[in-house]
Structure formats: C-alpha cells, structure tokens
Engineer: 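Here's a structure for you.
Residue numbers start from 1 in every chain, and the chains themselves are labelled A, B, ... in the order their sequence lines are given, proteins ahead of strands.
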Amino acid sequence: MTEKRIRVRFAPSPTGPLHIGGVRTALYNYLFAKKHGGDFLLRIEDTDQGRFVPGAEDYIIESLKWAGITPNEGIGFGEGPHAPYKQSERREIYKKYADQLVNEGKAYYAFDTPEELEKLRKELEESKASNTSYSYHVRGRMKNSLTLPLEEVQQRIASGSPYVVRIKMPENEIIKADDIIRGHIEVNTATLDDKVLFKSDGLPTYHLANIVDDYSMQITHVIRGEEWLPSLPLHVLLYRYLGWESVMPQFAHLPLLLKPDGKGKLSKRDGDRLGFPVFPMNWKDPFSGELSSGYREAGYTKDAFINILAFLGWNPGTEQELFTLDELAQAFSLDHVHKAGARFDFEKAKWFNHQYLVKLSDTEIAKAFKSILAEKGITASDDKIAVICGLVKDRVNFVKEIWDQASFFFVAPESYDPEAIKKRWKPETPALLNGAKEVIQAIEPFTAQNIHDVLHGYIEKNQLNMGGVMVPIRIALVGTTKGPDLQVIMELLGKDEVIRRIEKALSLIKLP
RNA sequence: GGUCCGUUCAUCUAAGGGUUAGGAUUCAAGAUUUUCAUUCUUGCCAUAGGGGUUCGAAUCCCCUACGGACUACCA
C-alpha cells in the first residue's frame with residue numbers, strides 16, 4: 001500500500017478580516033503539511049453572498065503572506081490543479097451532488113417559507129421538545145418532497161418556486177466519528193436536524209460545499225476550529241451518503257482562543273477594548289470605516305507573531321520556547337495540541353517579541369528605526385543609528401519604543417526628571433560638575449575607554465564619590481538617571497555637545 | 001432548553017497509574033551595574049469539588065459545579 005500524500009487546506013470565508021484564531025488554524029495546517037511533506041492549500045468559502053465583505057479576501061491572502069504561512073496551491077498563490085479555489089466559482093459542481101442525494105432518497109426538496117419555519121421553531125420551543133429543529137420528528141408535517149405529491153413537487157420546481165435541499169437524517173442511529181485531538185465521538189441522529197445542504201439561491205451551504213471540495217481536492221486531514229465539532233456527525237454522514245467514506249479525511253478540531261479577561265471566545269471587539277491587536281494586520285471596515293489594529297503595524301516581527309500563535313494550544317513537549325517557522329514545522333504534531341481553549345496572554349506576547357528583537361542584528365533594527373527618525377525629521381549616519389539601536393535594544397519590546405530610550409542621542413533634554421534631581425542633585429553638585437567639565441575638556445581622544453580612564457582617575461585622585469559625579473553628568477546629558485553606559489553616551493555625543501549639555505544643566509537646574 | 005466538548009499556578013503549558021507536580025510569562029527579592037535595562041540566582045503561586053477503581057490517581061470511571069461551542073436557506 002502506498003502512503004497517501006498529505007493534503008490539508010485552510011478554508012476561510014471572506015466575511016471580514018481574518019482574526020488571529022483563523023491565522024492559527026492556517027498555521028497549524030501549514031505546519032502539519034510541511035512536517036509530512038504534503039500540500040497546503042487555500043480555498044475561499046464564499047457561499048454566503050449576503051455576508052461578503054469587500055477586501056476581506058485580499059486581506060486573508062496578504063496576512064498569510066506576511067506571516068509566511070504560504071499555501072503551495074490556491075487563491076493568491078498560483079492556483080493549482082484543482083482550480084478554481086473559490087466556491088462561488090464552483091457552483092455548478094455542487095448542484096449535481098445535491099440532486100444525486102435527492103434521487104437516492106438521502107435528501108429531499110423542501111418548500112417551507114421563512115414564516116413557516118419560524119412558526120415551527122416557536123412551536124417546538126414552546127412544547128419543550130428536546131429537539132427543536134427541522135428534524136425527522138417533524139419533517140412529515142412540513143412542505144417537502146416527502147409529504148407533497150410527486151406532481152406538485154415537480155410542478156413547483158418547474159415553475160421556479162424557491163426550494164432548498166435538506167439531508168434526510170436517519171432515525172435513531174448512532175453516528176460514530178473519530179477526532180485526532182478529541183478521540184472517539186458518538187452522537188444519536190435523534191438529536192440532529194435535517195440540515196439545509198443547498199440553498200434557494202442556488203449555492204450550497206458550508207456543509208455540502210466543504211465535503212464536495214475536500215473530496216475533489218483530495219484532502220486527507222481536516223484541521224479546523226472546535227466550533228465545527230458539533231457538525232462532525234453530519235459531515236461523516238455526508239461522506240457516507242456520497243459514497244466517499246473510504247476516502248474520508250481525518251479530522252482534528254482545534255481548541256478555541258478565549259478572551260484574555262472574562263468569558264467567551266476571543267472576538268473582534270476585544271482588541272480595542274483591551275488594547276492589543278486581534279488581527280494580523282490593520283484593517284479598515286469598508287462599511288463603518290472603523291479601524292482595527294494589527295500585529296504587523298503594532299511592531300511585532302512575523303517570527304514572534306508565528307511563535308506566539310504556535311504556542312496557543314500547542315507545545316513541543318520539550319522546554320524549548322523559541323522556534324523559527326522551519327523549526328516549528330519539524331517539531332509540530334497534532335498529538336501535542338491541547339484540548340482546552342487558550343486564553344491570550346499579552347504580556348507573554350511582548351516577551352516573545354523582545355526575544356526576537358534582540359536577536360536581530362543592530363543594522364536590521366536600525367533600518368526600521370531610521371524611518372521613525374525620518375518622521376521626526378532627524379537624520380544620522382546608518383552606523384551611528386545601528387550603534388545606538390544596539391545600545392538600547394535590551395530595554396525595549398518594539399522598535400518604536402527605541403525612541404523613548406534613545407531620543408537624547410539626537411536631541412538634548414528639554415527638561416530633567418524631578419525625581420532624579422531631588423535624589424541626586426546636591427548642593428556640592430555644581431562645583432563637582434564644573435570640575436568634571438574641566439577634566440572632560442582635556443580628554444583627547446574622546447573615546448569611551450579614554451573617558452572612562454581619565455574620569456575614574458580624576459575621581460579617585462580627588463577622593464570623590466563616583467555616583468556623586470557620574471550621576472549628575474548623566475542627568476545633564478540624558479535628563480534622567482537611566483540609560484546605557486555613560487562613557488559610551490559621551491563618546492557618541494562628542495565632546496562639544498557634552499560640555500554644552502553640562503553647562504545647560506548647570507544653568508537650568510536649581511537646587512531643590 | 002437541547003446536543004457536544006472541555007477543566008493542572010494569575011496566564012501559556014509539561015507530567016500518557018509511582019516525580020519534592022516541571023518549565024515559561026507576570027509579580028517579588030537578591031547579585032551585577034556610577035544609573036536604568038539586560039543577565040544570573042532565589043522566591044510566591046495549581047491538579048474545580050465529591051465519590052469510586054487501585055498497593056498507588058492530575059492521569060481511569062461516575063456524579064456535581066463551572067466554562068465553552070453548536071443549536072440559520074452563516075461559515
């Protein structure tokens with residue numbers, strides 16, 4: 001027996017921006033395919049024309065590209081042998097199977113109006129029935145091809161009156177299904193309903209389209225969110241009804257991403273409410289104009305973003321936490337996917353980004369920081385920017401935070417931290433600074449090492465207190481007591497600027 | 001309401017019948033540093049509750065509680 005080539009798919013619907021839960025689903029599919037040397041394809045499930053959102057499809061494609069989760073087949077990625085990969089362009093395929101199911105007695109036409117369906121639902125809810133849906137318990141009293149005379153059914157269809165195709169759920173039968181993550185599941189069909197497979201608008205519902213496409217695209221593993229678990233029995237039954245049970249894919253239902261606070265699954269609104277992104281990239285709602293922030297623009301590197309998502313519901317079984325995409329593909333296994341929902345931890349997300357930021361070379365960081373400087377109208381040599389970035393990268397999580405840590409390299413402090421002055425600016429400080437100024441004036445060449453040696457020699461010779469001299473110099477140069485090595489700062493600023501800032505501080509800072 | 005799924009530190013999670021229940025983030029303390037950050041060390045913190053099964057249970061079974069998903073001619 002030859003091993004079947006692994007084929008998985010990510011099948012979002014273009015009803016809005018892809019949120020990080022969706023990206024994670026895509027990532028796990030991608031990793032699974034990579035791990036097994038298989039195919040990963042992107043299919044757009046746009047059978048609901050009513051919820052179509054302009055730009056959503058491009059957003060999905062762009063997001064995957066940015067994150068490096070690249071399908072090797074499908075929309076936006078060179079199509080492939082099973083094109084088209086968009087369900088609205090495959091509509092003629094589904095009708096055939098819907099009719100086939102009806103002809104074989106496994107499904108039926110239903111003509112009930114929305115009002116009639118609403119009435120049924122109300123009635124069932126009031127009667128406290130255990131199954132409140134359109135099921136075999138009630139199909140006998142509804143308007144469908146099982147209850148209506150054949151001639152009337154044919155007449156209705158011929159005259160073009162609207163109808164749907166519903167699956168004919170077997171009565172009181174146990175459907176057995178297996179999930180790689182959740183194990184064996186059994187459901188009695190008595191609790192299931194006669195789901196609509198084909199809508200009156202001529203398009204299939206998710207259930208039919210999904211099975212038909214997964215079958216024809218030779219999908220071997222369906223890795224999707226847990227919200228689909230309740231419809232697994234229906235899908236298993238559809239494979240059986242269509243005669244495809246022997247090639248039915250294996251299923252793996254992923255745990256949901258939960259709100260960081262409170263209850264429920266992570267939603268679009270949580271991002272703005274809690275101040276962190278829930279989308280991979282910025283998104284502007286085409287209808288409301290509302291803006292939602294994304295990880296890319298928030299300053300996350302794509303590697304950190306991937307790493308963060310990978311660990312939400314999965315772990316390698318070792319204590320390693322930092323993984324490149326390739327390493328993840330090597331380590332990934334569905335066996336190590338957690339069953340319970342995962343709550344997003346924003347603090348840890350920042351830590352991940354910090355880890356990736358410090359791993360970047362100073363020149364790479366400088367490239368990004370340079371554009372921030374440009375926005376402020378500041379120019380400096382690439383080398384100098386790189387050195388500065390290297391000096392402060394340990395103390396930031398994002399490139400954009402570098403400015404807060406390094407602005408004094410480019411502009412002299414306008415004000416001085418009152419707390420620092422209160423604690424470190426003593427009555428003798430001006431005299432000490434004037435003394436130090438003279439010494440600094442004479443340092444040549446003005447290098448960090450030389451500054452260090454001379455200043456330390458001066459302080460020791462005159463039996464001065466190290467902090468009493470150095471800290472006020474720092475306040476004069478930086479504005480606070482914080483920051484990188486003072487000698488290095490001095491070299492970077494240059495002797496003239498150092499003297500200028502000391503004189504400025506001397507004239508501006510009054511004793512508390 | 002019904003059906004299904006789940007529950008280990010605050011958070012992400014490890015431990016597949018035998019461990020002082022491990023790691024990471026956060027938080028706290030100490031060391032280092034002229035300062036801050038980094039780094040290092042240490043500390044705090046968990047098997048939802050109750051019954052079984054077993055020599056032995058976080059792990060297997062049952063009940064309860066809690067959480068979640070689904071319950072559309074949405075996906």
Engineer: So what does S130(A) hit on the nucleic acid, given a heavy-atom distance under 4.0 Å: a base, only sugar-phosphate, or nothing?
Structural biologist: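 Sugar-phosphate contact only.
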Engineer: Please report the distance separating the C1' of A10(B) from the corresponding atom of U54(B), rounded so that it comes out in whole Å.
Structural biologist: 35 Å
Engineer: Provide the Watson-Crick or G-U wobble partner of G1(B), both distances under 3.5 Å; none if there is no partner.
Structural biologist: U71(B)
Engineer: Of all the nucleotides listed (A75(B), U35(B), A69(B)), which has the minimum atom distance to the side chain of V471(A)?
Structural biologist: U35(B)
Engineer: What's the closest nucleotide to the P230(A) side chain, out of U34(B), C70(B), U7(B)?
Structural biologist: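 Looking only at heavy atoms from C-beta outward on P230(A), the closest nucleotide is C70(B).
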Engineer: Please report the distance, rounded to the nearest Å, between CG in L229(A) and C1' in A75(B).
Structural biologist: 16 Å
Engineer: Suppose you measure atom C1' in U35(B) against the same atom in A58(B); what distance do you get, rounded to whole Å?
Structural biologist: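 The same atom, C1', in both gives a distance of 47 Å.
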Engineer: On RNA chain B, does the nearest nucleotide to D201(A) precede the nearest nucleotide to L486(A) from the 5' side, or the other way round? Give the residue.
Structural biologist: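 Nearest nucleotide further toward 5': that of L486(A).
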Engineer: State which of U7(B), A37(B), C70(B) makes the closest approach to the side chain of E227(A).
Structural biologist: C70(B)
Engineer: Across all strands, who's sitting opposite U47(B) as a Watson-Crick or G-U wobble pair, both distances under 3.5 Å?
Structural biologist: none
Engineer: Any salt bridge linking E321(A) with K348(A)? Criterion: basic side-chain nitrogen under 4.0 Å from a carboxylate oxygen.
Structural biologist: yes
Engineer: One character per nucleotide, please: for nucleotides 21-26 of chain B, 5' to 3', B when the base has a protein heavy atom closer than 4.0 Å, S when only the sugar-phosphate does, - otherwise.
Structural biologist: -SSBB-
Engineer: Anything under 30° is parallel, anything over 60° is perpendicular, the rest tilted; go ahead and classify F346(A) against Y300(A).
Structural biologist: tilted
Engineer: Once you round it to whole Å, what is the distance between C1' of A69(B) and CH2 of W228(A)?
Structural biologist: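 Distance check: W228(A) CH2 to A69(B) C1' gives 12 Å.
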Engineer: I'd like the P distance from A37(B) over to A29(B), given in whole Å.
Structural biologist: 11 Å
Engineer: So does K268(A) pair up with D285(A), basic N to acidic O under 4.0 Å?
Structural biologist: yes
Engineer: What distance, rounded to whole Å, do you find between the two P atoms, one in C74(B) and one in G6(B)?
Structural biologist: 30 Å
Engineer: If C55(B) has a Watson-Crick or G-U wobble mate with both distances under 3.5 Å, name it; if not, just say none.
Structural biologist: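 Pairing partner: G18(B).
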Engineer: Tell me what D112(A) touches on the nucleic acid: a base, only sugar-phosphate, or nothing, going by heavy atoms under 4.0 Å.
Structural biologist: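 Contact class for D112(A): base.
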Engineer: Take atom P in U39(B) and the same atom in U26(B), then report the distance between them in whole Å.
Structural biologist: 9 Å
Engineer: When you compare G52(B) with C9(B), how far apart are their P atoms, in angstrom units rounded to a whole number?
Structural biologist: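 Pairwise P distance, G52(B) against C9(B), rounds to 25 Å.
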Engineer: Measuring only the C1' atom in each nucleotide, how far is G23(B) from C44(B)? A whole number of Å is fine.
Structural biologist: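 Comparing C1' positions in G23(B) and C44(B) gives a spacing of 16 Å.
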Engineer: At under 4.0 Å between heavy atoms, what does F311(A) touch on the DNA or RNA strands: base, sugar-phosphate, or nothing?
Structural biologist: sugar-phosphate
Engineer: Would you indicate what S13(A) reaches in the nucleic acid, counting non-hydrogen atoms under 4.0 angstrom: base, sugar-phosphate, or nothing?
Structural biologist: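 Sugar-phosphate only.
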Engineer: Expressed in angstrom and rounded to an integer, what is the separation of D179(A) atom CG from C5(B) atom C1'?
Structural biologist: 10 Å
Engineer: Could you check which nucleotide pairs with G30(B) in any of the strands shown, counting Watson-Crick or G-U wobble with both distances under 3.5 Å?
Structural biologist: C40(B)
Engineer: Of the listed nucleotides (C74(B), G6(B), U35(B)), which one gets closest to any side-chain atom of A340(A)?
Structural biologist: G6(B)
Engineer: How would you label the contact of N188(A) with the nucleic acid (heavy atoms, under 4.0 Å): base, sugar-phosphate, or nothing?
Structural biologist: nothing
Engineer: Does the plane of the ring in W283(A) sit parallel, tilted or perpendicular to the ring in Y59(A)? Use 30° and 60° as the thresholds.
Structural biologist: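 Taking Y59(A) first and then W283(A), their aromatic rings stand perpendicular (interplane angle over 60°).
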Engineer: Respond yes when some side-chain nitrogen or oxygen of R424(A) is under 4.0 Å from OP1 or OP2 of U35(B), and no when none is.
Structural biologist: no
Engineer: Any side-chain N or O of H452(A) below 4.0 angstrom from OP1/OP2 of U34(B)?
Structural biologist: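 For U34(B), OP1/OP2 do not have a side-chain N/O of H452(A) under 4.0 Å.
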Engineer: Check this for me: does any side-chain nitrogen of one of E347(A) and K350(A) sit under 4.0 Å from a carboxylate oxygen of the other?
Structural biologist: yes
Engineer: Contact class for Q487(A) (heavy atom, under 4.0 Å): base, sugar-phosphate, or nothing?
Structural biologist: base
Engineer: Separation of W425(A) atom CH2 from U35(B) atom C1', in whole Å?
Structural biologist: 15 Å
Engineer: Would you indicate what T480(A) reaches in the nucleic acid, counting non-hydrogen atoms under 4.0 angstrom: base, sugar-phosphate, or nothing?
Structural biologist: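 Since no nucleic acid heavy atom lies under 4.0 Å of T480(A), the category is nothing.
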Engineer: Using whole Å, what does the distance between atom P of nucleotide C27(B) and atom CZ of F346(A) come to?
Structural biologist: 14 Å
Engineer: Name the closest nucleotide to the R121(A) side chain, picking from U3(B), A72(B), C74(B).
Structural biologist: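 Nearest to the side chain of R121(A) among the choices is A72(B).
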Engineer: Whether the side chain of R182(A) and the base of C5(B) hold a donor-acceptor pair under 3.5 Å is what I'd like checked.
Structural biologist: no
Engineer: When D213(A) is tested against each of R43(A), R9(A), R91(A) for salt bridge (charged side-chain N to carboxylate O under 4.0 Å, His left out), which residue passes?
Structural biologist: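 The option that passes is R43(A).
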Engineer: Take atom C1' in A14(B) and the same atom in A72(B), then report the distance between them in whole Å.
Structural biologist: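 Going atom to atom, C1' in each nucleotide, I get 41 Å.
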Engineer: Base, sugar-phosphate or nothing for N315(A)? Non-hydrogen atoms, less than 4.0 Å.
Structural biologist: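 Answer is sugar-phosphate: N315(A) comes under 4.0 Å of backbone atoms only.
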Engineer: So V164(A), base contact, sugar-phosphate only, or nothing? Heavy-atom distance under 4.0 Å.
Structural biologist: base
Engineer: Categorize P484(A) for me: base, sugar-phosphate, or nothing, with a 4.0 angstrom heavy-atom threshold over every strand shown.
Structural biologist: base
Engineer: Let me spell it out: for each of I185(A) and H207(A), pick the nucleotide of RNA chain B with the closest heavy atom. Which residue's pick is nearer the 5' end?
Structural biologist: I185(A)
Engineer: Return the orientation label for the W228(A) and H207(A) ring planes: parallel under 30°, perpendicular over 60°, tilted otherwise.
Structural biologist: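 Ring orientation, 0 to 90° scale: perpendicular.
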Engineer: Return the orientation label for the Y163(A) and Y109(A) ring planes: parallel under 30°, perpendicular over 60°, tilted otherwise.
Structural biologist: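 Judged by the thresholds at 30° and 60°, the geometry between Y163(A) and Y109(A) is perpendicular.
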Engineer: Over 60° means perpendicular and under 30° means parallel, so tell me whether Y28(A) and F332(A) are parallel, tilted or perpendicular.
Structural biologist: tilted
Engineer: Side chain of K199(A), heavy atoms from C-beta onward: which of C74(B), U35(B), U38(B) has the nearest atom to it?
Structural biologist: C74(B)
Engineer: From CZ of R224(A) over to C1' of C70(B), roughly how many Å is that when rounded to an integer?
Structural biologist: 12 Å
Engineer: Ignoring backbone atoms, test whether T205(A) places a side-chain nitrogen or oxygen under 4.0 Å from the OP1 or OP2 oxygen of A72(B).
Structural biologist: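 For A72(B), neither OP1 nor OP2 has a side-chain N or O of T205(A) closer than 4.0 Å.
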Engineer: Do K265(A) and E227(A) meet the salt-bridge criterion of a basic N to acidic O distance under 4.0 Å?
Structural biologist: no
Engineer: Does K119(A) come within less than 4.0 Å of E116(A), counting only side-chain N to carboxylate O?
Structural biologist: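 Not counted as a salt bridge, because no side-chain N and carboxylate O are separated by less than 4.0 Å.
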Engineer: Any idea which of C12(B), U35(B), U71(B) is nearest the K195(A) side chain?
Structural biologist: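 Per side-chain heavy atoms of K195(A), the pick is U71(B).
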Engineer: Give one of base, sugar-phosphate or nothing for G313(A), where a contact means two heavy atoms less than 4.0 Å apart.
Structural biologist: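 If one applies the 4.0 Å heavy-atom cut-off, G313(A) turns out to touch the sugar-phosphate alone, with no base involved.
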Engineer: Would you indicate what K265(A) reaches in the nucleic acid, counting non-hydrogen atoms under 4.0 angstrom: base, sugar-phosphate, or nothing?
Structural biologist: sugar-phosphate
Engineer: Taking CD from E118(A) and C1' from C73(B), how many angstroms apart are they, rounded to a whole number?
Structural biologist: 14 Å
Engineer: Let me know which of K339(A), R24(A), R224(A), E226(A) forms a side-chain contact (heavy atoms from CB on, under 4.5 Å) with L254(A).
Structural biologist: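 Output: one option passes, namely R24(A).
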Engineer: Give the rounded distance in Å between these two atoms: CG of L258(A) and P of A69(B).
Structural biologist: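 Result: 8 Å.
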